[in-house]
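What follows is a single structure, written as structure tokens, with notes after it.
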Amino acid sequence: MTDIINTMFNKAFMEELFKPQELYSKKALRTVFDRLAHASIMRLNQASMDKLYDLMTMAFKYQVLLCPRPKDILLVTFNHMDAIKEFIRESPSILNQVDETFRQLIDTYNSIPAGEFQLIRQTLLIFFQDMHIRVSIFLKDKVQNSNGRFVLPTSGPVPWGTEVPGLIRIYNFKGEETKRVEFQHGGSYVRPLQEGSFELFGDRVLTLGKNIYTASRSVETNMSGTMKSSTSHTKENIVPNPMAKEELNLLAKLMGGLELKKPPTSDYSFRLNLFTNDEEEEHAALTRPEELSYQVISIKASEDQDRNKELSRIMGEFQSAESCIQSTSKGEDLLAMMDGL
């Protein structure tokens with residue numbers, strides 16, 4: 001990561017990026033992305049690179065699309081920069097490069113009007129408008145539909161400086177308010193507590209642009225007028241398939257021995273973990289109902305010789321049957337050839 005960040009924030013490269021210019025084409029962006037990804041000793045094959053690029057583009061499209069106001073694109077960028085700085089805390093020279101770019105962003109974009117931010121946002125959305133790649137983490141959190149399009153929430157904080165919808169004010173030609181009409185907006189909106197910081201350090205408030213794989217995140221969307229949470233979706237998936245244990249039991253019997261007990265402390269055992277990391281496994285263990293508590297299936301193929309012999313006999317029968325089928329098939333082919341003669 002240090003090598004990639006060092007290349008990404010190279011002074012000459014940053015000076016080129018900050019020059020006024022047209023938006024990069026998709027082909028040019030992909031070329032830059034490939035070269036940055038291979039700036040370190042890390043090497044990715046074509047399939048992995050395609051998936052990484054798709055994830056990057058769709059994640060950024062999601063962040064731009066859900067920005068409460070156009071200027072918040074800058075807060076999203078600052079969240080990216082804050083995350084990058086965490087990777088290089090132990091490299092002062094590279095950290096200085098990143099801070100210098102941070103200051104350039106602040107000096108360049110902090111003072112531009114909201115209209116230009118809106119133009120930037122629309123330009124970015126036009127660039128991504130034909131990309132509808134499905135991402136598993138977005139599908140799981142129900143913020144993306146099966147057709148690859150994102151679901152816009154109808155709840156949460158409104159943009160800073162705006163009011164919660166539900167009131168229409170009517171003015172006369174003198175600019176005086178003459179009437180107020182309330183209406184049902186159908187959502188669940190709240191006022192933001194504070195504006196995100198646009199300085200080098202500070203609370204960005206906005207969570208868009210932060211790591212989407214953090215375990216503590218909670219993405220809420222409204223699919224049909226009712227609030228749904230990814231937390232409830234996770235709870236639905238903790239109920240195990242009852243056939244899974246039976247299949248493991250059958251495998252243990254065939255291989256020669258079934259025993260249910262605590263994991264052995266011997267160095268000759270191994271542990272099969274079906275979770276992506278230890279945190280996910282611990283979370284699953286905490287949320288798993290008591291009645292569904294699992295036991296470890298210990299498979300010992302070397303202890304039960306009788307079962308091993310039985311398994312060998314069954315395998316031998318399969319081989320014999322296969323030989324018979326092959327012989328029959330060859331005989332039929334020979335007869336067919338003779339009939340043709």
Atom CD1 of I170: over 12 foreign heavy atoms under 6.0 Å: yes
In one Ile/Leu/Val/Met/Phe/Trp/Tyr side-chain cluster, 4.5 Å: L206, F201: yes
Considering all heavy atoms, the nearest V190-V164 contact: C-CG2, 3.9 Å
Crowding at CZ, R169 (>12 non-hydrogen neighbours, <6.0 Å): yes
Closest approach of P159 to P68 (non-hydrogen atoms, all atoms of both residues): CG-O, 3.0 Å
Stepwise salt bridge (Lys or Arg N to Asp or Glu O under 4.0 Å) test for D72 and R204: CA-CA 9 Å; D72 288 336; R204 312 300 175 194; over 6 Å; no
Heavy-atom closest pair, residues P165 and Y189: CG-CD1, 3.6 Å
Polar contact flag, side-chain donor to acceptor under 3.5 angstrom, N96-E100: no
Single-linkage hydrophobic cluster, 4.5 Å side-chain cutoff, V64 and V205 together: no
Centroid-centroid distance, F78 to F102, less than 6.0 Å: yes
Shared hydrophobic cluster, L65 / L119 (ILVMFWY, side-chain heavy atoms < 4.5 Å): no
Neighbour count above 12 (heavy atom, 6.0 Å) for F117 CZ: yes
Path from Y213 to F138 over hydrophobic side-chain contacts below 4.5 Å: yes
Crowding at CZ, F87 (>12 non-hydrogen neighbours, <6.0 Å): no
4.5 Å side-chain heavy-atom contact, H38 and L44: yes
Aromatic plane relationship, Y62 with F150 - under 30° parallel, 30 to 60° tilted, over 60° perpendicular: tilted
K210 vs D82, salt bridge (Lys or Arg N to Asp or Glu O under 4.0 Å): CA-CA, chis, key distance, verdict: CA-CA 9 Å; K210 292 187 175 182; D82 290 339; over 6 Å; no
Sidechain-backbone polar pair: E16 side chain, A12 backbone, donor-acceptor under 3.5 Å: no
Inter-residue atom distance T101.OG1 - I106.CD1, 0.5 Å rounding: 11.0 Å
Crowding at CD, Q129 (>12 non-hydrogen neighbours, <6.0 Å): yes
For V76 against Q63, the heavy-atom pair lying closest together: CG1-OE1, 3.5 Å
L74 with I120, same ILVMFWY side-chain cluster at under 4.5 Å: yes
Contact summary for K19 and E15, nearest pair of heavy atoms: CG-O, 3.3 Å
F33 and Y53 aromatic ring geometry - parallel, tilted or perpendicular at 30°/60° bounds: perpendicular
Side chain Q144, main chain I133, donor-acceptor under 3.5 Å: yes
